[in-house]
Amino acid sequence: MREKLTMGFAMVILAVMIPYLGTIAITGVVGEAITNVEELDTGKTVSLELDGQYVVMDVEAYLAGVLPAVMDGSEDLEVWKALAVIERTNIYKKMEGAGNIDENDLGMEYLKEEEISSLWGERNYEAYRKKVEQAVLETAGVSLQYDGEYIDALYHKVSVGTTVSAEELFGEAVPYLSSVVSSHDVEAKDYMNIQTVSKETVSELAITESTEHGYVRKLICNGEELTGETAQERFQLSSLNFYIEDMGEEYRIVCLGKGHGLGLSLYGAGVLAAEGKNSEAILQYYYPGVQICNSTV
């Protein structure tokens, strides 16, 4: 009986101490629960200019302004958590072990409070903002690694039904950037996008080389050979996966998917979240073989 009582008492103590110790590990503050990203101090910071002033903020507070620029706010919390881990990983990788990095070296877009409110609308702002902050708080310090190195955590809006592998797109295999099925993406409103080009400006437009799954490598435009990337920029195409139809007086460029198709599909992640998958399961599905690590603690 005494052993059972002792064991029960020990379990109660553990239940109390684990969240307590977790708070100390992240914040260094004894006995206080963190409820706002502004209170986090992970020792990793981003320098940026805001309203004409030079500001240094914790990576976690910076993330709370970066994530809203990516999604529209209504997404499942688990998708927000996955995105927080992804963008944190990309920041850590570019830091290369340093404690601070300039925003100009990140290539990310940080939105101020008023910009987020304008983007989402006043009616949705509070609820969506709380969800973003919760995602950052619940994943604080968590990142993705492969063989002890931060990964290139690439992601895109909508795949073509499967994500594309780095080997297919670039000719170089990356274990965690392999192709995975994301079949529900074909149901997304952004799955197909069409651009038209008048023959008055472009008399010749034809694809000459594509990958196995339709990602364009080369094409001819008015006698000039272009890469798929150059054509995507020139014609403002939503994807590198496209085909061209000759419609008589114009060319119709039909794009499938949105983005480069590598890594995590945000639309597919939303489907997995709706099926009950948590952020860790979503990340491990789209980045096979990665380790989910807490780099701060």
Side-chain angles (χ1 to χ4, degrees), residues 23 26-29 33-96 98-144 150-157 258-259 263-264 266-267 269-270 273 279 282-283 294-297:
T23 298
I26 293 291
T27 68
V29 178
I34 295 297
T35 58
N36 190 307
V37 292
E38 302 296 335
E39 300 173 25
L40 289 170
D41 181 7
T42 64
K44 294 181 181 294
T45 58
V46 177
S47 300
L48 65 158
E49 186 176 321
L50 287 178
D51 299 323
Q53 293 187 329
Y54 192 70
V55 176
V56 178
M57 65 173 64
D58 193 90
V59 163
E60 306 299 337
Y62 181 72
L63 281 173
V66 167
L67 303 188
V70 179
M71 300 195 296
D72 67 16
S74 63
E75 290 80 1
D76 190 285
L77 173 63
E78 295 303 317
V79 181
W80 282 111
K81 288 166 67 174
L83 183 61
V85 174
I86 286 169
E87 294 290 46
R88 185 182 297 109
T89 299
N90 290 328
I91 293 173
Y92 284 1
K93 184 174 181 65
K94 290 183 178 180
M95 279 182 157
E96 297 182 336
N100 175 267
I101 189 169
D102 192 279
E103 183 186 39
N104 294 325
D105 296 325
L106 290 175
M108 295 180 177
E109 181 182 8
Y110 177 87
L111 299 181
K112 296 180 293 185
E113 296 292 330
E114 57 269 27
E115 292 173 320
I116 300 171
S117 179
S118 176
L119 182 66
W120 287 342
E122 292 184 10
R123 178 178 299 179
N124 298 319
Y125 173 74
E126 287 298 331
Y128 290 175
R129 184 62 171 166
K130 286 180 181 177
K131 193 188 299 183
V132 171
E133 291 213 359
Q134 184 180 352
V136 174
L137 286 168
E138 291 187 9
T139 65
V142 178
S143 62
L144 301 174
Y150 296 119
I151 72 167
D152 285 312
L154 302 177
Y155 64 94
H156 56 282
K157 295 282 188 179
K258 191 169 185 179
L264 180 138
L266 290 172
Y267 185 88
S279 60
I282 292 169
L283 291 166
N294 194 318
S295 305
T296 301
V297 178

Kindly compute the distance separating [atom1] ([X]) from [atom2] ([Y]), expressed to the nearest 0.5 Å.
X    : Y    : atom1 : atom2 : result
L137 : N36  : CG    : CG    : 7.5 Å
E103 : Y62  : CD    : OH    : 3.5 Å
S117 : L111 : OG    : CG    : 11.5 Å
Y128 : L119 : OH    : CG    : 11.0 Å
L106 : L48  : CG    : CG    : 9.5 Å
I101 : T45  : CD1   : OG1   : 10.0 Å

What's the shortest heavy-atom distance between [X] and [Y], and which atoms?
X    : Y    : value
I151 : K93  : O-CD, 3.4 Å
S279 : A82  : CB-N, 3.8 Å
V37  : A64  : CG2-CB, 4.0 Å
K94  : D105 : CD-O, 3.6 Å
A269 : L264 : CB-CD2, 4.1 Å
R129 : P68  : NH1-CG, 3.9 Å

With side chains defined as the heavy atoms from C-beta onward, is the minimum distance between [X] and [Y] less than 4.5 Å?
X    : Y    : result
R88  : V136 : yes
I86  : L283 : yes
L266 : V70  : yes
Y155 : E87  : yes
Y110 : V55  : no
M95  : V59  : yes
V66  : I91  : no
T89  : V85  : yes

>> Show me the pairs that pass salt bridge (Lys or Arg N to Asp or Glu O under 4.0 Å) and involve residues 71-81, at least two apart or across chains.
In response: E78-K81, K81-E138

>> With a sphere of 6.0 Å drawn around NZ of K130, does it hold more than 12 non-hydrogen atoms of other residues, nucleotides or ligands?
In response: no

> Crowded around Q53 CD? As in, over 12 foreign heavy atoms under 6.0 Å?
Replying inline: no

